[in-house]
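Count residues from 1 along the sequence. Given the structure is predicted, the values throughout are model-derived calculations rather than measurements.
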Amino acid sequence: MRLAWTAFTELLRCTLLGHLRNRLALVLALAFIPIWIAVARLCTSDQVVRIRLDAISTPVSAPASQAGQVASALGAITMVAGFVAFTETFQSREVDRRLLLAGYPRLPILLAKLAAVALTAALLALYTTILLWISMPVRHTAPLALALAGAGLAYGGIGLLLGSLVRGELEGFFLIIMLSLVDTGLQNPVFNTLMDVAGVSALPLYGVNQLALSSALTPHIPWSHGLLSLTWSAATGALALLVLHTQRLSLSPWSRRTRVPTGRSR
């Protein structure tokens, strides 16, 4: 138990320090999110659009610029959280292997990474909620912050999983960008007011998108939809644990002793 707690705290500290040293991640968090919200505000008209939200089962009338800002904020958080989690996980894979070889339990290692993803998502959500509150009238700030944190959790988990699986950084960045663009594009109420595309409810941002739009633009708060992002986060975390378990088996002393040598014996 003591070794597990030591492994968790040390890995959490190292992961958070890695985030702070990642200058690109800091620039994305501090500059990309407000710029993306400002672009949505400037490039979208104030014309009132009717949005269909499954969470409240009624059409909503709201200015297109406000709906676009909420959707853009969700898209910005998904990219930043996904990039941060993927970059740290990908760059620390060799360190994780050495810790596993040294006998550190694998579960605290993953839990530390998940805790870092949760802290990052919470900070990004708080920062983005403040930006939206400054930029537009927000009906309910607390559930909006919860929705933004859920988006960060979902894509942080995806970044964590991809960082454990892919062989190159380019592949991971491409997958995160494409998934985020498809997800936010199909659920952006400015481009798709009906949001009736088949299968859209299975996407990672469906629940938090419904909660964010309802909280920001209507008096209704569909709390249950915010829990859907936790399903994605739990699923990606479980898959990342499976990857770590597979790595632990492949690096075990027994597997090295039984490995067939490739060279010829003299």
Side-chain angles (χ1 to χ4, degrees), residues 28-29 31-56 58-83 121 124-156 158 176-197 199-222 225-226 228-229 232:
L28 285 175
F32 176 71
I33 295 178
I35 289 175
W36 205 236
I37 293 174
V39 168
R41 180 178 180 178
L42 294 174
C43 297
T44 310
S45 69
D46 290 328
Q47 181 180 358
V48 175
V49 294
R50 288 180 63 83
I51 306 167
R52 181 177 175 270
L53 295 176
D54 296 334
I56 58 178
T58 183
V60 176
S61 297
S65 61
Q66 295 182 14
Q69 288 178 68
V70 175
S72 296
L74 284 171
I77 278 192
T78 59
M79 287 193 183
V80 174
F83 280 148
L124 289 174
L126 178 61
Y127 177 56
T128 308
T129 302
I130 294 173
L131 293 174
L132 285 175
W133 181 78
I134 295 173
S135 179
M136 56 174 279
V138 175
R139 294 278 190 125
H140 307 285
T141 54
L144 175 61
L146 177 64
L148 295 171
L153 273 176
Y155 273 80
I158 292 172
I176 291 173
I177 291 174
M178 292 305 298
L179 180 58
S180 176
L181 288 177
V182 171
D183 199 352
T184 56
L186 291 177
Q187 301 190 70
N188 191 326
V190 178
F191 305 128
N192 182 20
T193 55
L194 294 178
M195 290 190 286
D196 57 351
V197 179
V200 71
S201 59
L203 295 175
L205 287 185
Y206 172 75
V208 293
N209 184 64
Q210 296 283 318
L211 177 60
L213 290 172
S214 301
S215 302
L217 306 176
T218 75
H220 305 285
I221 306 175
H225 281 70
L228 295 178
S229 62
W232 271 93

**Prompt:** How many angstroms lie between atom CG of L217 and atom NE2 of H140, to the nearest 0.5 angstrom?
**Reply:** 10.5 Å
**Item:** Distance, nearest 0.5 Å, that separates CG of L148 from OG1 of T78
**Value:** 10.5 Å
**Message:** I need the single residue from N209, I51, I56, I221 that forms a side chain to side chain contact (heavy atoms under 4.5 Å, CB included) with S214. Which is it?
**Reply:** I56
**Message:** As an exercise, state the distance from CG of L153 to CD1 of I158, rounded to the nearest 0.5 Å.
**Reply:** 11.0 Å
**Asked** Quick one: does M136's side chain get under 4.5 Å of S65's, heavy atoms only?
**Response** no
**Message:** Determine whether a donor-acceptor pair (N or O, by modelled atom type, separation under 3.5 Å) exists between the side chain of S135 and the backbone of L131.
**Reply:** no
**Item:** Test item: T129 and L132 side chains (from C-beta on) under 4.5 Å apart, heavy atoms
**Value:** no
**Request:** Compare all side-chain heavy atoms of L213 with those of V60 and state whether any distance is below 4.5 angstrom.
**Result:** no
**Complete:** Scanning both residues in full, the closest heavy-atom pair of A71 with P189 reads CB-CD, 4.0 Å
**M79 to F32 - nearest heavy-atom pair and separation** = SD-CZ, 4.3 Å
**Complete:** Note: W36 and A76 closest approach over all heavy atoms is CD1-CB, 4.0 Å
**Fill in**
Tightest non-hydrogen contact, residues L205 and A151, listed as CD2-CB, 3.6 Å
**Item:** W133 side chain near L144 side chain, heavy-atom distance below 4.5 Å
**Value:** no
**Complete:** Distance col, row T44:OG1 vs Q66:CD, nearest 0.5 angstrom, shows 11.0 Å
**Message:** Counting C-beta onward and ignoring hydrogens, is there a side-chain heavy-atom pair between F83 and I177 closer than 4.5 Å?
**Reply:** yes
**Request:** Indicate the atoms forming the closest heavy-atom contact of P222 with Q210, along with that distance.
**Result:** CG-O, 4.2 Å
**Request:** Examine distances only and state if a side-chain atom of S180 and a backbone atom of I176 form a donor-acceptor pair shorter than 3.5 Å.
**Result:** no
**Any Y155 side-chain heavy atom under 4.5 Å of I77 side chain** = no
**Message:** Quick one, L203 and V200 - any side-chain contact, counting heavy atoms below 4.5 Å?
**Reply:** yes
**Message:** Could you tell me if the side chain of I37 sits less than 4.5 Å from the side chain of T128, heavy atoms only?
**Reply:** yes
**Request:** Please report the closest heavy-atom contact between A81 and G152, naming both atoms and the distance.
**Result:** CB-O, 3.6 Å
